[in-house]
There are 2 protein chains.
Amino acid sequence: MLPKKTKYAIKALTALAVVYFDKKPLRISQIAETEKIPRKFLEAILLELKNQGFVGSKMGATGGYYLAKHPEEIMLSHIIRSTGGPIALLPCVSLNYYEKCNECKDEITCGLRDVVLEVREASLKILSKTSLTDVILREKRLLRKNMK
Amino acid sequence: MLPKKTKYAIKALTALAVVYFDKKPLRISQIAETEKIPRKFLEAILLELKNQGFVGSKMGATGGYYLAKHPEEIMLSHIIRSTGGPIALLPCVSLNYYEKCNECKDEITCGLRDVVLEVREASLKILSKTSLTDVILREKRLLRKNMK
DNA sequence: CAAATATACTACTAATTTAGTAGGAATTAA
DNA sequence: TTAATTCCTACTAAATTAGTAGTATATTTG
Ligand code: FES
Ligand code: FES
């Protein structure tokens, strides 16, 4: 399961992606309100996202946050990895959080690892191809479908 | 990430699957030793697996555990769900641990949910088709490949 | 310049989950 | 009857998650 932090990050970044072309920053409190994210928590999350280069910020009155990259360049896999941790089911198949399985005799011949590797590949295939723009597009598509 | 409990469960059940046709039970301590699982923890796990119908047991001297079903019938998805929890990345797309996303206005039109649903489908496709027998087969294949 | 309004940053805390452990009761084989 | 084993209840300790409090710093506007 993804931690709330990751979910909040995706939600906040998506909100920023929606207004990307306005070229005006969005206030934390504004995002917190519309996305129903605890204000202070979101503050911490956005700060982290800034340090990782996802967003930029402007201090002071009329300040706020804005996407630092084009929304098509920001993939869900990046956000997940930056905020939540591994996508893989086990540390021994995680690209970014690798850790040796000290119970298993041999990683190379471990049957379980082989399966879990396949699962990671399948998940990553989707998550690394889905950008913030795609999330917004999906939302629009679902809205149309539901309207009919 | 899968909890250790789940990993241990899969490992233990696989060990039982290997000797399935011997028709003799395997002792906890034996499994714990060969799979490097903390003895007492494994005890608790196997008991739970028994209550869920995965294994049977025999008490007393010469007692132990054995698979209650054919190893081809036990899928990784079953074990994960019984011991670890959801396979889905978010509660709103979990079949067995469903919980409403109270931040999102509408589940039906949520773009993030749509992506995460696709990921769950992809993972489940693999995990619900992979049995204990398959895990053993993969292991054998990997061994052969590595020998050459 | 001063007041108002933002983010930046440090340092906690509280609740939950995970990964176990301890110890004895019940059962069975020899 | 004794040795070996599972069964069962009740803890505990460590790590992680989900936040909060409070203050410093920067920026706009009157
Ligand atoms: S090596 Fe990681 S599960 Fe076996
Ligand atoms: S409804 Fe679950 S993420 Fe939006």
Side-chain angles (χ1 to χ4, degrees), chain A residues 1-12 16 24-33 35-52 54-68 80 82-86 89-91 97 99 101-103, chain B residues 1-12 16 24-33 35-52 54-68 80 82-86 89-91 97 99 101-103:
Chain A
M1 294 280 253
L2 296 178
K4 290 239 170 184
K5 190 177 168 186
T6 299
K7 196 194 162 187
Y8 291 158
I10 296 172
K11 287 252 144 197
L16 291 176
K24 272 193 287 186
L26 220 53
R27 271 171 294 140
I28 292 176
S29 54
Q30 223 164 66
I31 302 171
E33 209 173 308
E35 304 296 333
K36 289 185 195 155
I37 301 169
R39 168 77 217 273
K40 270 293 194 182
F41 197 16
L42 180 58
E43 200 179 309
I45 292 166
L46 282 169
L47 204 57
E48 216 181 300
L49 289 172
K50 185 193 155 196
N51 292 330
Q52 280 165 333
F54 288 100
V55 298
S57 70
K58 198 188 156 194
M59 285 182 89
T62 77
Y65 281 92
Y66 51 89
L67 279 196
I80 293 173
S82 294
T83 60
L89 292 178
L90 289 175
Y97 297 82
E99 217 171 295
C101 274
N102 45 6
E103 302 100 17
Chain B
M1 295 281 252
L2 295 178
K4 290 238 172 186
K5 189 177 168 186
T6 299
K7 196 194 162 188
Y8 291 158
I10 295 172
K11 286 253 145 198
L16 291 176
K24 271 193 287 185
L26 220 54
R27 270 170 295 140
I28 294 177
S29 53
Q30 220 164 72
I31 303 171
E33 208 173 308
E35 304 297 332
K36 289 185 196 155
I37 302 169
R39 165 79 217 272
K40 270 294 197 181
F41 196 16
L42 180 59
E43 200 179 309
I45 292 166
L46 282 170
L47 205 57
E48 217 180 301
L49 289 173
K50 186 194 153 193
N51 292 330
Q52 280 165 333
F54 288 100
V55 298
S57 70
K58 198 187 157 194
M59 285 181 91
T62 77
Y65 282 92
Y66 51 89
L67 280 196
I80 293 173
S82 295
T83 59
L89 292 178
L90 289 174
Y97 296 81
E99 217 172 293
C101 275
N102 44 6
E103 301 100 15

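Convention: sequence-line order gives letters A, B, ...; per-chain numbering from 1.
Ile80(B) CD1 to Leu2(B) CG: the interatomic distance, rounded to the nearest 0.5 Å, is 5.0 Å.
For the helix from dC1(C)-dG30(D) to dA30(C)-dT1(D), the terminal axes (five pairs an end, C1' atoms, rotation from four pairs onto the next four) enclose an angle of 10°, given to 10 degrees.
Among the protein residues, Ile28(A) comes within range of the sugar-phosphate backbone only, with heavy atoms under 4.0 Å from sugar or phosphate atoms but none that close to a base.
To the nearest angstrom, C1' of dT17(D) lies 11 Å from CD1 of Ile45(A). Atom CG in Leu42(A) sits roughly 14 Å away from atom C1' in dT20(D) (whole-Å rounding). Distance, Leu47(A) CG to dT25(D) C1': 13 Å, rounded to whole Å. Atom CD in Glu48(A) sits roughly 12 Å away from atom P in dT17(D) (whole-Å rounding). Following rounding to the nearest Å, Leu46(B) (CG) and dT6(D) (P) show an atom-to-atom distance of 9 Å. In this structure, Gln30(B) places its CD atom 10 Å from P of dT6(D), rounding to the nearest Å. When the P atom of dT7(C) is taken as reference, atom CG of Asn51(A) falls 15 Å away, rounded to whole Å.
Residues passing the side-chain hydrogen bond (donor to acceptor under 3.5 Å, both in side chains) test with Ser82(B), sequence neighbours excluded: none. In this structure Tyr97(B) satisfies the ring-ring contact (aromatic ring centres under 6.0 Å, His included) test with no other residue, sequence neighbours excluded. Applying the side-chain hydrogen bond (donor to acceptor under 3.5 Å, both in side chains) test to Lys11(B) and every residue at least two apart in sequence or in another chain returns nothing. The side-chain hydrogen bond (donor to acceptor under 3.5 Å, both in side chains) check on Lys40(B) picks up nothing, with sequence neighbours excluded. For Glu48(A), the side-chain hydrogen bond (donor to acceptor under 3.5 Å, both in side chains) test picks out Lys5(A), with sequence neighbours left out. Tyr8(B) pairs by the ring-ring contact (aromatic ring centres under 6.0 Å, His included) definition with Phe41(B), not counting sequence neighbours.
In this structure, Ser57(A) reaches the dA8(C) phosphate: one of its side-chain N or O atoms is under 4.0 Å from OP1 or OP2. Here Tyr66(B) does not reach the OP1 or OP2 of dT6(D): none of its side-chain N or O atoms lies under 4.0 Å away.
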Spell out protein contact along nucleotides 17-30 of chain C as letters: B when the base is contacted, S when just the sugar-phosphate is, - when no protein heavy atom is under 4.0 Å; keep the 5' to 3' order. --SBBBBB-BBBS-
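Taking every heavy atom of both residues into account, Gly56(B) and Ala68(B) meet most closely at N-CB, 3.9 Å.
Contacts classified as salt bridge (Lys or Arg N to Asp or Glu O under 4.0 Å) and involving residues 24-33 of chain B (residues at least two apart or in different chains) are not found.
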